[in-house]
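Beneath this line is the structure, given in structure tokens, with notes to follow.
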Amino acid sequence: MAAPKSSKSAKKSVATKSAAKKAVEKPTAAKTAAKKAVAKKTVVKKAVVKKAVAKKAVVKKAVVKKAVVKETVAKKTVAKKTVAKETVAKKTVAKKTVAKKTVAKQAAVEKTAVKKAAVKKTASKKSAAKKIVDPANPRPIQVVPPKLAPRIKEKKASFSSLLSNDVPDVVEVPKPRGTSKDGIAYTKDFDVKFLKTQKGELLARRAGELTRATRLEEEAISLIEDGEMGDVQFDDEGGEGDTMVVQRDLDRLLSGQARQTIGDIDEALARIEVGTYGYSVVSGKPIPRERLEAIPETTVLAVEKVSGAGFR
């Protein structure tokens, strides 16, 4: 009976040891499971992190693409706006140019209208002067309205000296103030510089007129000699003789005019030496310098020449 008890105790001890082993192995399995769980979590976290990084990269690329698209759209919009502004500016300039031309045309039309109105008024004023026919005088007598009478009187007074043969008032020619080394007698109205210039012009004109007169005289003499030596027919059928005679007379006439101009120039040079150059021989008044520069040998005023008081 003692052997069974020992076997039972041995079994119990074995069971106890296996239980202890299992108890010892259970924490190890738990640790291994925990480690596996931690590893899984780490793997999952890494996967999540990778996915997150990938998503961020995709988001960044999308954001960059959107930014590039926005910039391109913005640039295109700015370019379109600039083109639109330039087009509007060109159209505005064109409109302003057209407006200016229109204003200028309107101004020209208004000026033309004003001129036409003034012409019409003048015509109406002229027609206002009535004409009365006198039985004794067949020519009509013009009756001037009271408003136009003073103006017509003023015009007659201003132009009477030009159109009439009235003798102008005579004044005394001033005495020369002195004589230069060149023999030019200067006065209060004409200084030495001006008179010296006029003297040079007179001498140049005299040389030109002398050359012209000599040439014309030689041509006339040669025509006479050709006519005497040649057999020229002077009847109704021959016209060459008449042409030669006319040309000869024309040369003589022009030569005479040139000689007359030379005489006038000599007189003007003499007046420069005496001190009376530049003063009218009719009235004694000083001749304007513009007239003396145009005609250095002139001796009268333009008014006196037109009225017939002087010849040059």
Side-chain angles (χ1 to χ4, degrees), residues 161-229 242-312:
S161 60
L162 291 175
L163 301 177
S164 65
N165 292 325
D166 297 335
V167 178
D169 298 333
V170 179
V171 296
E172 186 178 358
V173 177
K175 294 181 180 180
R177 290 185 174 182
T179 305
S180 66
K181 295 179 180 180
D182 301 332
I184 297 174
Y186 56 91
T187 61
K188 64 176 183 178
D189 297 305
F190 305 104
D191 54 2
V192 177
K193 184 178 180 181
F194 176 76
L195 293 173
K196 188 175 181 180
T197 304
Q198 292 299 108
K199 183 178 180 180
E201 182 67 22
L202 287 167
L203 291 173
R205 285 173 61 84
R206 188 182 188 285
E209 292 295 328
L210 181 60
T211 303
R212 179 167 169 264
T214 304
R215 177 177 57 80
L216 291 169
E217 290 171 356
E218 290 177 354
E219 288 181 0
I221 293 171
S222 64
L223 288 173
I224 294 172
E225 292 177 352
D226 292 340
E228 291 177 352
M229 293 177 64
D242 295 336
T243 304
M244 292 177 63
V245 171
V246 171
Q247 184 64 37
R248 182 193 60 192
D249 293 341
L250 179 60
D251 290 342
R252 286 179 175 178
L253 177 62
L254 296 176
S255 175
Q257 291 178 356
R259 292 291 180 183
Q260 180 62 40
T261 303
I262 292 171
D264 295 337
I265 291 172
D266 291 338
E267 292 178 0
L269 292 171
R271 288 196 299 274
I272 289 177
E273 295 177 357
V274 175
T276 57
Y277 178 82
Y279 294 94
S280 172
V281 296
V282 177
S283 62
K285 296 179 181 179
I287 302 170
R289 294 195 177 191
E290 294 79 8
R291 178 171 172 78
L292 290 172
E293 290 174 354
I295 310 173
E297 67 273 12
T298 185
T299 58
V300 294
L301 298 167
V303 175
E304 297 168 351
K305 177 173 172 43
V306 173
S307 64
F311 296 102
R312 186 178 290 275

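Worth saying up front: this structure is predicted, and the values here are computed from it rather than measured.
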Which residues pass the side-chain hydrogen bond (donor to acceptor under 3.5 Å, both in side chains) test with Thr276, sequence neighbours left out? none

What's the separation between atom CG in Leu223 and atom CG in Leu250, rounded to the nearest 0.5 Å? 10.0 Å

Please identify each residue that fulfils salt bridge (Lys or Arg N to Asp or Glu O under 4.0 Å) with Arg177, with sequence neighbours left out. none

Supply the atom-to-atom distance Glu218 CD to Thr214 OG1, rounded to the nearest 0.5 angstrom. 6.5 Å

Side-chain atoms of residues 183-192: list all donor-acceptor pairs with protein atoms under 3.5 Å, sequence neighbours left out, distances to 0.1 Å.
unit_1: Thr187; atom_1: OG1; unit_2: Phe190; atom_2: N; d: 3.4
unit_1: Thr187; atom_1: OG1; unit_2: Tyr279; atom_2: OH; d: 3.0
unit_1: Asp189; atom_1: OD2; unit_2: Tyr279; atom_2: OH; d: 2.6
unit_1: Asp191; atom_1: OD1; unit_2: Phe194; atom_2: N; d: 3.1

Would a 4.5 Å heavy-atom cut-off, applied to side chains only, mark Asp251 and Gln247 as touching? yes

Non-hydrogen atoms of Arg259 and Leu210 that approach each other most closely: NH1-CD1, 3.5 Å

To the nearest 0.5 Å, how far apart are CG in Leu202 and CD1 in Ile262? 12.5 Å

Is any side-chain heavy atom of Pro288 less than 4.5 Å from a side-chain heavy atom of Leu301? yes

With sequence neighbours left out, the residues meeting side-chain hydrogen bond (donor to acceptor under 3.5 Å, both in side chains) with Arg289 are none

State whether the side chain of Glu304 and the backbone N or O of Val282 hold a donor-acceptor pair below 3.5 Å, judged by distance alone. no

Tell me, please, which residues at least two apart from Leu253 pass side-chain contact (heavy atoms from CB on, under 4.5 Å). Gln257

Starting at CG of Leu254, measure out to CD of Glu217 and round the result to the nearest 0.5 Å. 11.5 Å

Ion pair present between Glu219 and Arg215, side-chain N to carboxylate O less than 4.0 angstrom? yes

Residues Glu209, Arg206: salt bridge by 4.0 Å N-O rule: no

side-chain contact (heavy atoms from CB on, under 4.5 Å) against Glu267, all qualifying residues, sequence neighbours excluded: Asp264, Arg271

